[in-house]
Amino acid sequence: MLTTTHENAAPEAAVVLAEINGQGQGGVRATGTRRLNETDTNKRMLWVEHVVAIRDRQDQAAFAAVFAHFAPRIKSFLMRSGASPEMAEECVQDVMATLWRKAAQFDPARASVSTWIFTIARNRRIDLLRKERRPEPEDLPWGPEAEPDQADAVALQQETEKLGAALAELPEKQRTLIEKAYFGELSHSEIAAQTGLPLGTIKSRIRLALDRLRHAMK
Amino acid sequence: MDMAKIKHHLNDALLMGYSSGTLPEAFNLVVATHISMCDDCRAALAEFDAVGGEVLEAANDVAVGADSYAATLAKIAQKPTAAPVPAKPADPVLPVPLRDYVKGGVDAIKWRRVGGGVRQMVLETSSSASVRLLHIPAGTAVPDHGHRGLELTLVLQGAFADEEDRFGVGDLEIANEDLNHTPVAEPGMDCICLAATDAPLKFNGLLPRLFQRFVGI
């Protein structure tokens with residue numbers, strides 16, 4: 001399932017770019033073509049590079065590629081969570097605009113791009129559907145030496161990839177249950193009763209990144 | 001605050017509920033406050049968020065409108081960068097998510113007496129569950145009570161002990177129908193807790209039931 005969705009990414013990006021820009025975007029097209037031949041982890045690193053390009057250079061081509069891949073998934077996620085198509089459409093635009101505005105806060109040693117986008121979409125869903133505040137944990141601001149290490153970022157992306165593969169390989173019933181939980185279809189007690197998440201692979205990696213952060217702040 | 005001393009943590013159901021955005025606001029506030037104090041749970045939450053990211057990644061595509069991308073660029077043009085959030089002054093007791101609800105630090109808490117020397121401030125959240133700050137004088141007991149639903153108690157200052165264990169700063173007690181307990185604040189320092197529940201507590205005894213009428217829990 002994951003393989004199929006990944007393969008869709010590059011053509012979608014090219015189509016959107018052609019529609020939006022109508023002019024020479026050879027560089028990004030080449031990137032898209034190259035992506036098809038790479039491993040899934042490298043694709044994840046490519047999304048990271050795109051977000052970094054948005055952060056550092058306000059790179060619209062990179063943004064178009066991220067939009068083409070994630071916007072249809074966010075819309076699907078929101079509609080499964082109970083949003084009408086119109087509300088989901090509006091919400092997708094808000095989420096993607098937030099990604100652009102907050103690109104500087106993205107930390108690839110602590111999250112993959114899909115993880116980060118999920119948290120933005122979830123928060124927007126709570127705003128719109130439940131009209132509630134969402135209390136967020138106190139942020140850990142970057143210290144002066146806290147620029148994430150490239151090796152840490154690659155390792156985290158690899159582990160996230162493994163997590164995705166493990167989820168895809170779960171028995172259908174179990175995977176459906178987890179999807180329902182994240183689409184907001186399970187209550188707390190229903191969640192409490194379910195088990196079997198393939199967790200434990202990336203927690204230590206994230207913990208390492210947090211320790212580095214705490215250390216840099218001292 | 002010595003983070004290494006936190007012994008009682010969030011469980012998977014609470015982490016997943018917070019990550020998926022399905023918990024009542026009152027519980028979200030307790031979870032966000034505990035995570036502000038506990039790097040282990042912060043890392044565990046990131047892991048649950050990663051599961052959400054993979055669910056999103058694997059979601060079927062639903063085509064966005066033809067003008068969706070242009071509309072997004074227009075939104076960005078209106079407001080290109082997020083307004084910087086001004087750093088809040090540090091507080092010795094209340095982590096940031098709580099300061100937002102108290103609208104200030106520990107000195108801004110509007111305590112109200114509720115009997116037995118205990119004071120509280122109810123925080124405003126959506127109605128599906130309630131959350132309050134409790135101030136329990138050192139050495140004082142909160143009346144013996146059971147629970148109809150789920151009760152989360154997070155220690156912010158001092159410590160309390162009950163039939164289960166001792167709970168110090170950052171520790172979270174998760175109590176359900178099975179637990180009847182009498183929390184007692186340790187001598188030496190008044191105890192400040194954040195307590196959330198999705199159902200009224202059951203007090204065992206007449207005086208405590210009167211207490212309940214005043215506290216409203």
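A note on names: the letters A, B, ... follow the listed sequences, proteins ahead of strands, and every chain is numbered from 1.
Put simply, the side chain of A/Glu138 gets close to the backbone of B/Val96: a donor and an acceptor are under 3.5 Å apart.
Looking only at side-chain heavy atoms (C-beta outward), A/Met45 and A/Val154 come within less than 4.5 Å of each other. With contacts defined as side-chain heavy-atom distances shorter than 4.5 Å, the pair B/Thr72/A/Phe67 qualifies. In this structure, A/Gln157 and A/Trp47 have side chains that are not in contact, with every pair of non-hydrogen atoms separated by 4.5 Å or more.
Contact of A/Leu78 with chain B is not made at all, since no heavy-atom distance falls under 4.5 Å. Within the 4.5 angstrom heavy-atom criterion, no atom of A/Asn123 approaches chain B. For a residue to count as touching a neighbouring chain, one of its non-hydrogen atoms must lie under 4.5 Å from one of that chain's; by this rule B/Ser68 touches chain A with backbone and side chain alike. Using a 4.5 Å cut-off between heavy atoms, A/Ala111 makes no contact with chain B at all. Contacts between A/Ile126 and chain B at a heavy-atom distance below 4.5 Å involve the side chain alone, from C-beta outward. At a 4.5 Å heavy-atom cutoff, A/Gln58 makes no contact with chain B through either its backbone or its side chain. Residue contact with chain B, scored on non-hydrogen atoms closer than 4.5 Å, is absent for A/Arg80. In this structure, chain A has heavy atoms under 4.5 Å from both the backbone and the side chain of B/Tyr18. The contact between B/Ser19 and chain A is made by backbone and side chain atoms together, counting heavy-atom distances below 4.5 Å. Neither the backbone nor the side chain of B/Leu98 comes within less than 4.5 Å of any heavy atom in chain A.
When the shell of 6.0 Å around NZ of A/Lys180 is examined, it contains 12 or fewer heavy atoms from other residues, nucleotides or ligands.
Geometrically, A/Arg133 engages B/Tyr101 in a cation-pi contact defined by less than 6.0 Å to the ring centre and at most 45° from the axis.
Counting heavy-atom pairs under 4.5 Å between each of A/Lys131, A/Arg134, A/Met79 and chain B puts A/Arg134 at the top. Heavy-atom pairs under 4.5 Å with chain A peak, among B/Thr125, B/Val64, B/Thr33, at B/Val64. Of all the listed residues (B/Asn28, B/Asp49, B/Thr81), the one sharing the greatest number of non-hydrogen pairs under 4.5 Å with chain A is B/Asp49. Interface check for chain B: of the options A/Glu136, A/Lys102, A/Glu185, the most heavy-atom pairs under 4.5 Å are formed by A/Glu136.
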Step-by-step side-chain hydrogen bond (donor to acceptor under 3.5 Å, both in side chains) determination, B/Ser126 to A/Glu132: CA-CA 7 Å; B/Ser126 65; A/Glu132 272 184 21; 2.9 Å; yes
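Partners of A/Phe183 according to the ring pair (Phe, Tyr, Trp, His ring centres under 6.0 Å) rule, which considers only residues two or more places apart in sequence or in another chain, are A/Phe77.
Looking only at atom types and distance, the side chain of B/His8 has no donor-acceptor partner in the side chain of B/Asp171 under 3.5 Å away.
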